[in-house]
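Just so it is clear: chains get the letters A, B, ... in the order the sequence lines come, proteins before strands, and each one is counted from 1.
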Amino acid sequence: MGKEKRNMEERYNPADVEPKWQAFWKDRGLFKVTEDPSKEKYYLLEMFPYPSGKIHIGHVRNYTIGDVVVRYKRMQGYNVLHPMGWDAFGMPAENAAIDNNTHPAAWTYDNIRAMRAQLKKMGFSYDWDREIATCRPEYYKWEQWLFLKMLENGMAYRKESFVNWCEKCQTVLANEQVEQDKCWRCSRPVHQKKLWQWFFKITDFAEDLLVYCDKLPGWPDKVTVMQKNWIGKSVGSELTFQVADMDAEIEVFTTRPDTVFGATFMCLAPEHPLVETLCQGTDQAKAVADFVEKVGTQERSLEGLENYEKEGVFTGRYCINPATGEKIPIYTANFVLMGYGTGAIMSVPCGDQRDFDFARKYGLEIRVVVQPENEALDPDTMETAYTGPGVMVNSGRFDGMDSQKAVDAITDWLAEQGRGKKAVSYRLRDWGISRQRYWGAPIPVIHCPDCGVVPVPETDLPITLPEDANLLEKGGSPLPGLDYFKTAVCPKCQREDARRDTDTMDTFVESSWYYLRYCSPRYDQGMFDQQAVKYWAPVDQYIGGVEHAVLHLLYSRYFMRVLHHFKMIDFKEPFTRLLTQGMVCKETMTCPEHGYLYPEQAQKTKDDTLACTLCGKNVAVGRVIKMSKSKKNVVDPGDLLEKYGADVTRLFCLFAAPPERDLEWSEDGVEGSNRFINRVWRLALECMEKIDREQVLPFTGPAGDLENQAAKELYIKTHQTIQKVTADIDESFHFNTAIAAVMELVNAVYTIDLDGSDHETKAVVLCALENMVLLLSPIVPHFCEELFEKTGCRGSVLEQPWPVFRKDSLETDQVLVVVQVNGRLRAKFSVAAGTEDTAIKTAALADDRVARHIQDKPVKKTILVKKKQILVNIVV
RNA sequence: GCCGAAGUGGUGGAAUUGGUAGACACGCUAGACUUAGGAUCUAGUGCCGCAAGGCGUGGAGGUUCAAGUCCUCUCUUCGGUACCA
């Protein structure tokens, strides 16, 4: 009986300890925060999850990283805001509802409940009082409110735009519902359909968003570079081409106005508004109409683009090249995009590969206007376009000029004639926010047969999404079929047959401002309480997956500009520092019969291959890729949690790799983390048995006061560890090396034999132990609380100040000297700190091994470097 | 194609400003304690070699007393983007 009890104590038992401290934290309200002007604030946020049902390893990793920093900052005395909530709108809820014959709302709320419980089990230090779910009317009411404000200020507008449409299902498909150009439900080809949709004018802020990419020092370069590319600014000119024999002009955007003399034809995007007018009355009308129709149904998918032939047809009309005055044919071509520039290009086959290919295909003139210095290009024999800079030819008065100078010169010249101007073009397009879907925030407008689009009066907000609508088998939105939702009275003319907009907003709208809502989550007078936001925002540290590098992060930056424009906030950048954690990856496994398999569905056989547990066939091991449900290469953190507890799970996730690195999942190391936890556990309990706390206080003085050499070294090691762990957590988030440093300290304490040791040693061991617990507490908080209590302390480690290292106790008396001969390591020895350089050199030369390598060669030079160790390099 | 990141033992990963390559772990080997060990402890573990020694950070050059780290070229992998005029 006695022995059994002792055995229990010898191991850390998460099943008892973890719930105990979770309850303790909760009862004491340790994670609740309010604005406190006397304390410095720190707002740490992890990207909120979509409530898919279960947390996955990626969440565990993400939230553990954040929680460590939060607990560390709290111990440093910051007033820390650390909220959690749910990105609760979105399509998976609709799909799941159809598949399981339930309702998106019910499914979502169930999932939230399950995931909240899991997060609580992990011991994350959230202020749960601030929890929000974006599918709640109290939340999206304010999003609708902002939409109205943007509409009023011309920042939201409506235009016709294309969506993926399935004719069979009569529904709009999101991009991810289109699989290899086919509808995911019925496998019929998908085509583009034009619908009226709402847009946010993010392009108004393109330049500002771009400029500020360089003012985000706390962001990884990789992310700002991706955003810059996404915004895609290019500087060039807009030139005007008069259509021959017609009262019309065509604007083109070009980055190469220097080549305008070589523009021998023009191409318009098939959707260009002039295409239809141009061909009218020419014998090309039919050909053009057929072509436009064909391109419209052509799928512009990724694979499609690879072998996408450049095609076009003549519109039957010509325009005048403003530089040469010549008539050039106007084509419409499938490679010209309506969404970029003006949707029309001047084609210069000698200077652009696409135009070159097109000209060769249709027998159009190629005229060389820029050629490399000292080389004449022959249009009849050249095989590729020349796109580099060079000397101008065939360009009238500009002949002989450097082409880069001609860029401005020609633009100015054309500008004088009113035929051109400098222009900037962005790749970024306005943000289309209409979704023809059900599970989202309704767009608060009413369509009246007389008044047109009428905003819903602010007093009528929120426009509540009916949570009881029955979903359609085919996957479309039920809203257009719900009369009680759809019919509305026109707020302007009171006509009773007006129609409510049945589209909902893109879910990226919710995630663009949720972090402000957390500052005052129950505020009912507006989106947020400006005072609270003034105190907490912006987010000091944001943590999430790199997959959101562009959309979510760019939309959020845009939203802050909108709010700033409305003077609702006084900053423009939402996230001061950003950490993009790496993905958690795992190999996929496929069975010839059952397709992708979950890891537990593949079992090792005798001959070391894997067999499917369903059919016994050989399992093929695929590439290591990001964990995803569809590939089934997922690991349920619930199992780990069950077996090892939250702290070991947290420790393992952090120790496996630095946060920004991708992590190939393998549980081989979990045992090691478990072992470490128990090693510390035993060490602490054993020390407590051997050290009488009534008699001994932890040593806190300078290392120089210690007489016992071993104790002194341990004491120095302790302070070195504090320094290292603090730097690793604070500066680089490299928790793996922080943990390794503590492991070294633990190993060092293990070498000390406490039986019969002196008082000094005990005091130093106690100091090491106490610091160990404090340093580990952000990482393995339950474990450390328990040890803190077991070592005779009261209260919570959370309320302890973070340890501070003593500058006077970081260096040992003995310094290692490494000796190289011609750059190769030959000997090592220690000297007392402060030994003269000459004495070190003499000692180095006297070393046997060194002497053997020098032999009788003359010593040319001796280099001595004093860093963390002393290095002597003898050159012979 | 373009942009970005990364390549270090059997494995995950360490190495301020160039200064002991492989910290800390996993795994493995041997031993100890045990009725037992998948607990724990001790020792060993980059590769070749009996040793002296040699070779080693994707590859090839270079700079330097000294290169994982800096320069040039190159290969591979991953991520982003894709007719952007």
Side-chain angles (χ1 to χ4, degrees), chain A residues 7 10-11 220-223 225-230 232-234 236 252-256 259 267 269 300 302 305-306 308 310 333-337 339-348 351-355 357-358 425-428 546-547 549-550 582-583 585 623-626 652 655-658 660-673 675-676 678-679 682 727 731-732 734 736-744 746-747 750 816-828 852-853 860-876:
Chain A
N7 278 340
E10 269 172 10
R11 291 194 71 77
D221 286 345
K222 145 166 106 167
V223 175
V225 165
M226 275 162 76
Q227 294 214 348
K228 283 185 203 168
N229 291 340
W230 189 262
K233 179 181 184 176
S234 50
V252 303
F253 174 77
T254 177
T255 53
R256 294 294 303 275
T259 63
C267 290
R300 304 194 178 187
L302 276 181
L305 277 174
E306 296 281 324
Y308 204 63
K310 286 175 190 45
N334 61 357
F335 68 92
V336 182
L337 306 174
Y340 184 77
T342 59
I345 59 167
M346 63 174 205
S347 291
V348 185
D352 182 287
Q353 192 56 40
R354 291 157 301 178
D355 297 345
D357 296 342
F358 196 86
S425 189
Y426 297 91
R427 204 189 76 108
L428 180 71
V546 70
E547 62 271 23
V550 180
M583 298 178 300
C585 303
R623 315 211 316 168
V624 175
I625 52 167
K626 181 186 175 173
F652 175 60
F655 188 58
E660 69 279 5
R661 191 117 121 193
D662 283 350
L663 179 60
E664 185 183 335
W665 187 256
S666 145
E667 282 179 31
D668 292 348
V670 190
E671 279 297 343
S673 296
R675 212 175 291 165
F676 172 67
N678 280 294
R679 206 166 136 80
R682 283 191 309 272
E731 290 158 25
S732 59
H734 281 188
N736 56 332
T737 50
I739 294 164
V742 180
M743 284 175 168
E744 284 189 56
V746 171
N747 292 345
Y750 256 98
L816 182 70
V817 180
V818 298
V819 188
Q820 298 179 331
V821 177
N822 285 346
R824 285 157 188 274
L825 179 72
R826 296 302 177 191
K828 295 181 202 181
R852 207 180 321 144
H853 283 92
K860 277 196 226 157
K861 197 156 64 159
T862 310
I863 292 146
L864 191 137
V865 186
K866 281 187 175 168
K867 294 240 169 122
K868 61 188 172 197
Q869 82 293 320
I870 299 172
L871 180 137
V872 183
N873 192 5
I874 300 162
V875 188
V876 295

To the nearest Å, how far apart are [X] [atom1] and [N] [atom2]?
X: A:D668; N: B:G12; atom1: CG; atom2: C1'; value: 9 Å
X: A:K222; N: B:A6; atom1: NZ; atom2: P; value: 9 Å
X: A:M583; N: B:G4; atom1: CE; atom2: P; value: 19 Å
X: A:D357; N: B:G1; atom1: CG; atom2: C1'; value: 13 Å
X: A:L337; N: B:U81; atom1: CG; atom2: P; value: 16 Å
X: A:E660; N: B:A5; atom1: CD; atom2: P; value: 13 Å
X: A:K228; N: B:G4; atom1: NZ; atom2: C1'; value: 12 Å

Short side-chain to backbone donor-acceptor contact, A:D355 and A:V348, under 3.5 Å: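 The answer is yes, because a donor-acceptor pair under 3.5 Å joins these two groups.
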Same-atom distance ([atom1]) from [N] to [M], integer angstrom:
N: B:G46; M: B:G9; atom1: P; answer: 13 Å
N: B:G13; M: B:G4; atom1: P; answer: 24 Å
N: B:U45; M: B:U11; atom1: C1'; answer: 14 Å

Can you give the dot-bracket line for RNA chain B, where a pair is Watson-Crick or G-U wobble with both atom distances under 3.5 Å, crossing pairs use [ ], and | marks a partner on another strand? (((((((..(((......[....)))((((((.......))))))(((....)))..(((((..]....))))))))))))....
Every protein N/O within reach of nucleotides 52-57 of chain B N/O, cut-off under 3.5 Å:
| unit_1 | atom_1 | unit_2 | atom_2 | d |
| --- | --- | --- | --- | --- |
| B:A52 | O3' | A:R852 | NH1 | 3.4 |
| B:G53 | OP1 | A:R852 | NH1 | 2.9 |
| B:G54 | OP2 | A:R826 | NH1 | 3.2 |
| B:C55 | OP2 | A:R824 | NH1 | 2.9 |

Using a 4.0 Å heavy-atom cut-off, does A:D662 contact any base of the nucleic acid, only the sugar-phosphate backbone, or nothing at all?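 Sugar-phosphate contact only.
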Determine: side-chain N/O of A:R682 to OP1/OP2 of B:C41, distance under 4.0 Å, yes or no.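 Yes, A:R682 has a side-chain N/O under 4.0 Å of OP1/OP2 on B:C41.
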Quick one: is B:A82 close enough that its OP1 or OP2 comes under 4.0 Å of any side-chain N or O from A:R427?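 Affirmative; the distance criterion is met.
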Just jot down the side chain to side chain donor-acceptor pair (under 3.5 Å) partners of A:K828, sequence neighbours excluded, or say none.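 Partners of A:K828 under the side chain to side chain donor-acceptor pair (under 3.5 Å) test: none.
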For A:E660, give me all partners under salt bridge (Lys or Arg N to Asp or Glu O under 4.0 Å), at least two apart in sequence or on another chain.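 Listed in chain order: nothing, the list is empty.
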Can you check nucleotides 16-25 of chain B for protein contacts, nitrogen or oxygen pairs under 3.5 Å, and list what you find?
| unit_1 | atom_1 | unit_2 | atom_2 | d |
| --- | --- | --- | --- | --- |
| B:G19 | O2' | A:Q869 | NE2 | 3.1 |
| B:G19 | N2 | A:N873 | ND2 | 3.4 |
| B:U20 | O2 | A:K828 | NZ | 2.8 |
| B:A23 | O2' | A:E744 | OE2 | 3.0 |
| B:A25 | OP1 | A:N747 | ND2 | 2.8 |

Residues forming a ring-ring contact (aromatic ring centres under 6.0 Å, His included) with A:F253, sequence neighbours excluded: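 If we apply the ring-ring contact (aromatic ring centres under 6.0 Å, His included) test to A:F253, skipping adjacent residues, there are no hits.
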